[in-house]
Undergrad: 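This structure is in structure tokens; I'll ask about it shortly.
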Amino acid sequence: MEYQKIAVGTGQNRAAIQNTAAAQIGQKIGMGFVWLKTQLRRMIDRADAAVDFFVGWVRQWYKVTEKAFFPGKGKAVAGVIGCGACLIFIGAALLAEPSLELAVEPVDLAQKEPVVQGPAFDLEKLLEEYNRKAEQDAMTAPVTVSVDPARQVSLTLDSLKNYELAAAPAGWWVDLSQLEGSGQERAAYCHDYVNSDTIGWLQIPGTNIDYPVMQGATLTTYMNMNINRGYDYNGSLWVDTDVTDYSTNTVIFGHNWTNVSGNPSVGRGGDVMFAQLPSFAHLWFAQRVPYFYYSTTSQDMVWQVFAVFYTTDLNFYLYTNQTGASLQYIIDKGRSLSLHNFGVSVSSNDRIITLSTCTRALGSFEDQRFVVMAKLVGSGDANVQVN
């Protein structure tokens, strides 16, 4: 009896539980349809939330089917049913939302406008524009005018003073190679009419070294700048900022890009600035050119060579205003290094000039120079002996 009561009670409980579960399932299904309708509408209204909704919906469906229909064993079945439902959902979304449909408009190639590629290529107009620009560039770029020697006009100091530089196109290169007159006259002209940084003029017979000497705001101002204040790979001849007309040792620097071997060329036209200075390394040249001329804007001066040498000591000769024993040290060391014996008496009572340029005669390294030293004299003597 007790067993039967328990059995009957158990059956009644099961029926009640089943009825309750069915009601809950029905309720959940109804709620699910309402929820689905709401989400579909929301998804249609907000297309950007479709992906998030889709993932959430799959997860929710999986939970409902797992618990309600296949408790404890329906994961695979629930997954298949969920995927099928998803496909149905996607189809419904595409039908309900025209904006999700892939629309392809037919293209009528006959009515399609050609792609615009810009104006047609006009070679004649292009050449005209190119020539116009080239002419403008030529008017502003540095220019050296070459004149047939037969038609050259001798330019004197007076004739150049009458020339209006302001009338020349901006940036034109003033060619001073035809400028006649003494070194002092040419230096003064350049200082007054071309560039006030001009302090002197150097001319060495037997070479093409015939240039103004510049003094800038710094030691390197004219290292890559010409007298016209334009960039120039060859630079100018220049001195340091402390050089004056009365310096006891006027040191002049200049580039040598082309004549750097241990057997330097002599008289080669393509060598510029100090590239022909190493000509003094040859005894026969030194014997023929024992003097040169360096003039300031106020005075013409003659200088007698007393030492020429290669050196890796780049400092001992650079002091411009030494006197007494300090100047004598520069003189003595220069003479001890000299390639030739000039037989010239020099002391600390003399004013000297030092010309310095680059070389590679001692090897491929940079720290080496070719140097020429001379002392101020009243006039040149063609009979001086150099050994």
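Predicted model, so just to flag it, every value in this text is computed and none were measured. All heavy atoms count here, side chains included; hydrogens, waters and symmetry mates do not.
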Undergrad: Determine yes or no for a side-chain-to-main-chain donor-acceptor pair under 3.5 angstrom, with Ser261 supplying the side chain and Asn263 the backbone.
TA: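 Yes.
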
Undergrad: Verify, without hydrogens or angle tests, whether Gln276 (side chain) and Asn208 (backbone) share a donor-acceptor contact under 3.5 angstrom.
TA: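 Pair found, side chain donor or acceptor close to backbone of Asn208.
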
Undergrad: Between Val372 and Thr354, is there a side-chain heavy-atom distance shorter than 4.5 Å?
TA: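 No, every pair of side-chain atoms sits at 4.5 Å or beyond.
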
Undergrad: Check Ile330 against Met373 and note the closest heavy-atom contact, atom names and distance.
TA: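 Scanning both residues completely, I find the closest heavy atoms to be CG2-CE, 3.7 Å.
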
Undergrad: Compare every heavy atom of Leu376 with every heavy atom of Met301, then report the nearest pair and how far apart it is.
TA: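 Nearest heavy atoms, Met301 then Leu376: CB-CD1, 3.6 Å.
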
Undergrad: Do Ser236 and Asn226 have side-chain N/O donor and acceptor atoms under 3.5 Å apart?
TA: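 Their side chains do not contain a donor-acceptor pair, so the 3.5 Å distance test is not met.
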
Undergrad: Does a side-chain heavy-atom distance below 4.5 Å link Thr207 with Val266?
TA: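 Not touching, per the 4.5 Å side-chain cut-off.
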
Undergrad: Grab the two heavy atoms, one from Phe292 and one from Ile353, that are nearest each other, plus how far apart they are.
TA: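 Heavy atoms only, the tightest pair is CZ-CG2, 3.6 Å.
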
Undergrad: Less than 6.0 Å separating the ring centroids of Tyr310 and Phe370?
TA: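 Between Tyr310 and Phe370, the centre distance is under 6.0 Å.
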
Undergrad: Tell me if a side-chain donor or acceptor on Gln368 pairs with a main-chain N or O of Cys358 at a distance below 3.5 Å.
TA: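 Side chain of Gln368 to backbone of Cys358, a donor-acceptor pair under 3.5 Å: no, none is there.
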
Undergrad: State, without any angle test, whether Asn321 and Thr248 hold a side-chain donor-acceptor pair at a distance under 3.5 Å.
TA: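 Note: Asn321 and Thr248 side chains miss the donor-acceptor criterion.
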
Undergrad: So, taking the atom named OG1 in Thr296 and the one named CD in Gln184, what distance separates them when rounded to the nearest 0.5 Å?
TA: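 With rounding to 0.5 Å, OG1 (Thr296) is 7.0 Å from CD (Gln184).
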
Undergrad: Keeping Lys375 on the side-chain end and Val344 on the backbone end, is there a donor-acceptor pair under 3.5 Å?
TA: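 Flag not set: sc Lys375 to bb Val344 has no pair under 3.5 Å.
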
Undergrad: For residues 312-319, please give each side-chain donor-acceptor pair under 3.5 Å, one per line with the distance, not counting sequence neighbours.
TA:
unit_1	atom_1	unit_2	atom_2	d
Asp313	OD1	Asn315	N	3.2
Asp313	OD2	Lys333	NZ	2.6
Tyr317	OH	Ser356	OG	2.9

Undergrad: What is the distance from atom CZ of Arg369 to atom CG of Leu355, rounded to the nearest 0.5 Å?
TA: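 These two atoms lie 14.0 Å from each other.
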
Undergrad: Search all heavy atoms of Thr198 against all heavy atoms of Asn195 and return the closest pair with its distance.
TA: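 Heavy-atom minimum between the residues: OG1-O, 2.9 Å.
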
Undergrad: Please check if Ile204 and Trp284 belong to a single hydrophobic cluster, counting links between Ile, Leu, Val, Met, Phe, Trp and Tyr side chain heavy atoms closer than 4.5 Å.
TA: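 Yes, Ile204 and Trp284 fall within the same hydrophobic cluster.
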
Undergrad: Answer yes if the side chains of Tyr294 and Asp300 hold a donor-acceptor pair under 3.5 Å, and no otherwise.
TA: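 Per modelled atom types, Tyr294 and Asp300 side chains form no pair under 3.5 Å.
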
Undergrad: Before giving the answer on side-chain contact (heavy atoms from CB on, under 4.5 Å), spell out for Val194 and Tyr189 the whole-Å C-alpha distance, their side-chain angles and the decisive distance to 0.1 Å.
TA: CA-CA 7 Å; Val194 181; Tyr189 172 81; 3.9 Å; yes

Undergrad: Would you say Thr221 and Thr218 are linked by a side-chain donor-acceptor pair, where the criterion is simply a distance under 3.5 Å?
TA: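 Present: a donor and an acceptor within the cut-off.
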
Undergrad: Nearest heavy-atom pair of Val308 and His340: which atoms, and what distance?
TA: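 That would be CG2-CD2, 3.5 Å.
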
Undergrad: For the side chain of Trp238 and the backbone of Leu219, is there at least one donor-acceptor N/O pair under 3.5 Å apart?
TA: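 Answer holds: yes.
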
Undergrad: The test is salt bridge (Lys or Arg N to Asp or Glu O under 4.0 Å); show your working for Arg351 and Asp245 and say whether it passes.
TA: CA-CA 11 Å; Arg351 285 179 58 191; Asp245 287 355; over 6 Å; no

Undergrad: If I compare all heavy atoms of Ser348 with all of Gly324, which pair ends up nearest, and what's the gap?
TA: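 It is CB-O, 3.2 Å.
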
Undergrad: Go through it in stages, so that I can follow the logic: the residues are Met214 and Met225, the test is side-chain contact (heavy atoms from CB on, under 4.5 Å), and I'd like the CA-CA distance, side-chain angles, deciding distance and then a yes or no.
TA: CA-CA 10 Å; Met214 314 304 295; Met225 188 163 70; over 6 Å; no

Undergrad: Distance only, no hydrogens: is a donor on one side chain within 3.5 Å (strictly under) of an acceptor on the other, for Tyr222 and Asp197?
TA: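 A donor-acceptor contact under 3.5 Å links the two side chains.
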
Undergrad: Could you walk me through whether Asn256 and Thr359 pass the side-chain hydrogen bond (donor to acceptor under 3.5 Å, both in side chains) test, one step at a time?
TA: CA-CA 7 Å; Asn256 172 20; Thr359 182; 5.4 Å; no

Undergrad: Do Trp201 and His191 have their ring centres less than 6.0 Å from each other?
TA: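 No - the distance between ring centres of Trp201 and His191 does not fall below the 6.0 Å cut-off.
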
Undergrad: For Asp271 and Thr258, does a side-chain donor sit closer than 3.5 Å to a side-chain acceptor?
TA: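 Side-chain D/A pair, Asp271 to Thr258: present.
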
Undergrad: Kindly indicate whether the side chain of Tyr293, heavy atoms from C-beta on, has any atom under 4.5 Å from the side chain of Leu202.
TA: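 Counting from C-beta outward, Tyr293 and Leu202 never come under 4.5 Å.
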
